[in-house]
Structure formats: C-alpha cells, structure tokens
Participant: 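Below are the structure tokens for one structure; questions will follow.
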Amino acid sequence: MTKLIPMDIKGEKVIQLAQLTIDQANDFRSWLPQSSIKTITFQGMEINDCVPFETYNYWFRTYHVLSRHYETILDF
C-alpha cells in the first residue's frame, strides 16, 4: 500500500478518498467517524470526499503496520 501525498487546499493538508483503492477507501471509511469526511471548494469545484491528512496519516501508520504484521503471521 502506497502512502498518499496530501493536497494543500487553503492551507489545509487533505487527501481525497477517491485516491485510494476501493478496498482501502472502504476500510478507511469504516474506521472514520462520518463527520470527518469534508466537502471542500477548490477553484470553483466541490470535492466531496476529503479527509484531513493527519487523520489519514494516523490510520495509514496504524492500520498499515498492523495489517502487514497480521499478513506476515498468516503466511507461516
């Protein structure tokens, strides 16, 4: 799983859920409180599925490390 690079919109670092694979986006959404998903207007466009990068980064470090460890255990 490759870590996303955040977008800087109006001084706020965010990622867009659409940048994740379907499985990753579903896992991340199930972990997130619904209120964490924001709509941000950028250059006249509305981006509906933005999440603060700090939240994504925490999930990535925690989930990614745990899931890799878990997969390694199952490989034995």
Side-chain angles (χ1 to χ4, degrees):
M1 182 162 141
T2 304
K3 187 174 178 181
L4 297 178
I5 297 171
M7 299 181 294
D8 192 338
I9 300 177
K10 299 178 184 177
E12 183 179 357
K13 291 184 177 185
V14 297
I15 61 108
Q16 193 175 5
L17 290 175
Q19 294 175 295
L20 298 168
T21 66
I22 292 171
D23 290 337
Q24 292 167 355
N26 287 338
D27 289 344
F28 191 35
R29 281 181 196 265
S30 69
W31 179 83
L32 277 174
Q34 185 62 32
S35 61
S36 296
I37 302 172
K38 300 179 182 180
T39 299
I40 296 176
T41 303
F42 179 66
Q43 297 181 349
M45 297 181 341
E46 280 194 354
I47 305 172
N48 295 319
D49 57 349
C50 293
V51 177
F53 180 71
E54 297 121 16
T55 304
Y56 165 74
N57 192 35
Y58 175 81
W59 174 82
F60 182 86
R61 286 183 296 132
T62 305
Y63 178 79
H64 186 59
V65 170
L66 290 176
S67 67
R68 281 182 91 183
H69 184 66
Y70 183 68
E71 289 171 2
T72 303
I73 291 171
L74 290 178
D75 288 341
F76 287 115

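Bear in mind the structure is a predicted one, so any value in this text is a computation, not a measurement.
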Participant: Might you work through the side-chain contact (heavy atoms from CB on, under 4.5 Å) test for N57 and K3, ending with a clear yes or no?
Facilitator: CA-CA 8 Å; N57 192 35; K3 187 174 178 181; 2.5 Å; yes
Participant: Determine whether L4 and L32 fall in the same hydrophobic cluster, where Ile, Leu, Val, Met, Phe, Trp and Tyr are linked whenever their side-chain heavy atoms lie under 4.5 Å apart.
Facilitator: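 They do share one cluster, since a chain of ILVMFWY contacts under 4.5 Å joins L4 to L32.
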Participant: Is any side-chain heavy atom of D27 closer than 4.5 Å to one of W59?
Facilitator: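 Of all side-chain heavy-atom pairs linking D27 with W59, at least one is under 4.5 Å.
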Participant: Nearest 0.5 angstrom please: K13 NZ to Y56 OH, how far?
Facilitator: 14.0 Å
Participant: Are any non-hydrogen side-chain atoms of F60 and L20 less than 4.5 angstrom apart?
Facilitator: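 F60 vs L20: side chains apart.
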Participant: Do M7 and Y58 sit in one hydrophobic cluster, given that two such residues count as connected whenever their side-chain heavy atoms are within less than 4.5 Å of each other, even indirectly?
Facilitator: no
Participant: Within the structure provided, determine whether K38 and V14 are in side-chain contact (heavy-atom separation under 4.5 Å).
Facilitator: no
Participant: Applying a strict under-4.5 Å side-chain criterion to I, L, V, M, F, W and Y, I'd like to know whether F53 and I47 cluster together.
Facilitator: no
Participant: Work out which heavy atom in P52 is nearest to a heavy atom in S36; give both atom names and the distance.
Facilitator: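 Scanning both residues completely, I find the closest heavy atoms to be CD-O, 3.8 Å.
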Participant: Measure from the side-chain N and O atoms of K10 to the backbone N and O of T41, and report whether any donor-acceptor pair falls under 3.5 Å.
Facilitator: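 Indeed, once roles are kept as given, a pair shorter than 3.5 Å links the two residues.
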Participant: Which atom pair, heavy atoms only, marks the closest approach of I40 to C50?
Facilitator: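 Residues I40 and C50, closest heavy atoms: CD1-CB, 3.8 Å.
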Participant: Evaluate the side-chain proximity of I15 to F28: yes if any heavy-atom separation is below 4.5 Å, no if none is.
Facilitator: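 The answer is yes; the side chains approach within 4.5 Å.
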Participant: Can you tell me how far CD of E54 sits from CD of E12, rounded to the nearest 0.5 angstrom?
Facilitator: 8.0 Å
